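Written out below as structure tokens is the structure these notes cover.
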Amino acid sequence: MSGPILIFDSGVGGLSVTAALRARLPAATLAYVCDNAMLPYGTKADDWLVSRIVATCTSAVSASGAVALVVACNTASTLALRELRARLTIPVVGTVPAIKPAAQLSASRVIGLLATSATVNRAYTQTLIEDFAADCRIVRVAADGLVGEAERQLAGLAPDARMFEQALAPLWAEPTLDTVVLGCTHFPLLRQRLEASAPRAINWVDSGEAIARRVASVLGTSGQAGGREGRAWASAPGATLAATLAGYGFSSLEALALPADTLTLPH
Ligand code: DGL
């Protein structure tokens with residue numbers, strides 16, 4: 001049986017991995033699901049998020065007939081990969097901050113981690129740092145506001161320059177920092193703006209290539225995936241999102257059915 005590779009994120013962040021996936025698996029069909037009704041994930045309570053992520057992914061996997069799920073969201077992956085793998089029978093490929101490649105690149109051993117507040121504080125992230133960058137100083141910067149900036153950019157709205165300035169200031173306060181991990185899939189979409197704001201040349205590291213490599217090794221490079229091209233699902237579909245997704249090859253946007261007990265945030 002064949003079906004698409006389903007990419008999941010809270011919002012448009014997962015679109016930052018589509019190019020790498022298409023380059024590595026040109027014969028594969030991609031599908032997309034986002035939980036934009038609950039965006040951003042990075043500031044929500046963990047317990048609630050786990051059930052919401054599992055509900056969103058299981059519903060979209062069954063609607064799409066996916067052969068693999070790419071959790072193109074660091075915030076979701078560092079929290080819910082185990083639960084997703086327990087609930088789904090297809091392979092689940094996660095996204096974690098690219099600490100290891102960053103540590104291989106950094107000459108100064110001072111590295112910035114730009115991610116959501118959830119991701120910078122997760123135990124998963126701490127373990128990655130201890131395992132792969134124990135000799136580096138990691139400057140953790142919670143930049144939840146930049147998630148909204150990426151959403152705005154893809155919706156064709158003007159950026160808030162002050163948001164960028166404030167979010168990035170802690171990085172540029174470190175005179176020897178030479179590498180920045182884009183630990184949120186929304187952030188590679190802002191790459192041009194991020195580069196323009198840097199006071200010096202920086203190694204920007206994201207997880208797109210590593211995800212595509214992993215999916216190819218899990219599925220095999222022969223392009224086993226198939227199914228109807230260009231389908232997408234969202235918890236809050238709308239015209240602006242539909243236009244953005246169409247620009248990335250997902251031209252049919254449908255509403256995602258979700259169980260009632262995950263529809264509202266806990267008080
Ligand atoms: N794109 C998601 C990530 O990689 C986070 C966005 C959010 O906070 O919803 O972490």
Side-chain angles (χ1 to χ4, degrees), residues 6-21 32-57 60 69-81 84 92-99 101-102 112-126 128 140-155 163-164 167 180-191 193-194 204-212 214-215 232-236 241 244-245 248 256 258 262 265:
L6 179 65
I7 302 165
F8 159 67
D9 181 44
S10 54
V12 298
L15 297 173
S16 73
V17 310
T18 54
L21 280 170
Y32 197 84
V33 57
C34 65
D35 186 12
N36 58 330
M38 291 299 166
L39 186 86
Y41 272 179
T43 51
K44 305 279 188 305
D46 285 3
D47 285 357
W48 178 84
L49 260 187
V50 173
S51 22
R52 178 76 182 191
I53 289 164
V54 169
T56 301
C57 291
L69 173 69
V70 176
V71 183
C73 176
N74 296 260
T75 307
S77 297
T78 52
L79 179 69
L81 275 183
L84 283 169
V92 177
V93 174
T95 306
V96 295
I99 300 284
L113 169 60
L114 197 64
T116 64
S117 46
T119 298
V120 296
N121 291 313
R122 288 252 158 85
Y124 197 116
T125 305
Q126 181 58 29
L128 276 179
R140 298 164 199 239
V141 177
D144 297 291
L146 294 186
V147 173
E149 286 303 306
E151 293 283 332
R152 288 168 59 80
Q153 177 177 294
L154 266 62
M163 180 71 83
F164 279 85
V180 175
V181 176
L182 300 177
C184 168
T185 51
H186 277 75
F187 299 167
L189 301 167
L190 299 170
R191 177 74 181 259
R193 283 211 144 253
L194 296 173
W204 301 94
V205 190
D206 65 56
S207 310
E209 253 309 307
I211 296 167
R214 181 76 195 132
V215 175
W233 288 264
S235 51
L241 178 64
T244 299
L245 290 170
Y248 282 80
L256 186 70
L258 286 168
T262 64
L265 280 166

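FYI, the numbering just counts along the sequence from 1. Counting convention: from 1, in listed order, for ligands and their atoms alike. Since the structure is predicted, the reported quantities are computational estimates derived from the model, not experimental observations.
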- Nearest heavy atoms of D35 and Y41, plus distance in Å: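 The pair with the smallest heavy-atom distance is OD2-OH, 2.6 Å.
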
Anything under 3.5 Å between an N or O on ligand 1 and a protein N or O? List each pair with its distance, or write none.
from, atom 1, to, atom 2, distance (Å)
ligand 1, 1 (N), D9, OD1, 2.9
ligand 1, 1 (N), T185, OG1, 2.9
ligand 1, 1 (N), H186, ND1, 2.8
ligand 1, 4 (O), N74, N, 2.8
ligand 1, 4 (O), N74, ND2, 3.1
ligand 1, 4 (O), T185, N, 2.8
ligand 1, 4 (O), T185, OG1, 3.2
ligand 1, 8 (O), Y41, N, 3.2
ligand 1, 8 (O), G42, N, 2.8
ligand 1, 9 (O), S10, OG, 2.7
ligand 1, 9 (O), Y41, N, 2.6
ligand 1, 10 (O), N74, N, 3.4
ligand 1, 10 (O), T75, N, 3.0
ligand 1, 10 (O), T75, OG1, 2.6

- Query: Does the side chain of F187 come within less than 4.5 Å of D206's, by heavy atoms?
  - Reply: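 In short, these two side chains do not touch, never coming nearer than 4.5 Å.
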
- Flag the pair T125 / V120 as yes when at least one side-chain heavy-atom distance between them is below 4.5 Å, and no otherwise.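 Side chain of T125 against side chain of V120, heavy atoms only: no contact under 4.5 Å found.
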
- Query: By salt bridge (Lys or Arg N to Asp or Glu O under 4.0 Å), which residues pair with R140, not counting sequence neighbours?
  - Reply: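 Listed in chain order: nothing, the list is empty.
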
- Task: Kindly write out the residues that satisfy side-chain contact (heavy atoms from CB on, under 4.5 Å) with S16, not counting sequence neighbours, or none if the list is empty.
- Result: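 side-chain contact (heavy atoms from CB on, under 4.5 Å) list for S16, sorted by chain: T185, P188, L189.
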
- Query: In chain order, what residues pass the side-chain contact (heavy atoms from CB on, under 4.5 Å) check against A232, with sequence neighbours excluded?
  - Reply: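 Counting only residues at least two positions away or on another chain, A232 forms a side-chain contact (heavy atoms from CB on, under 4.5 Å) with Y32, L245, F250, L253.
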
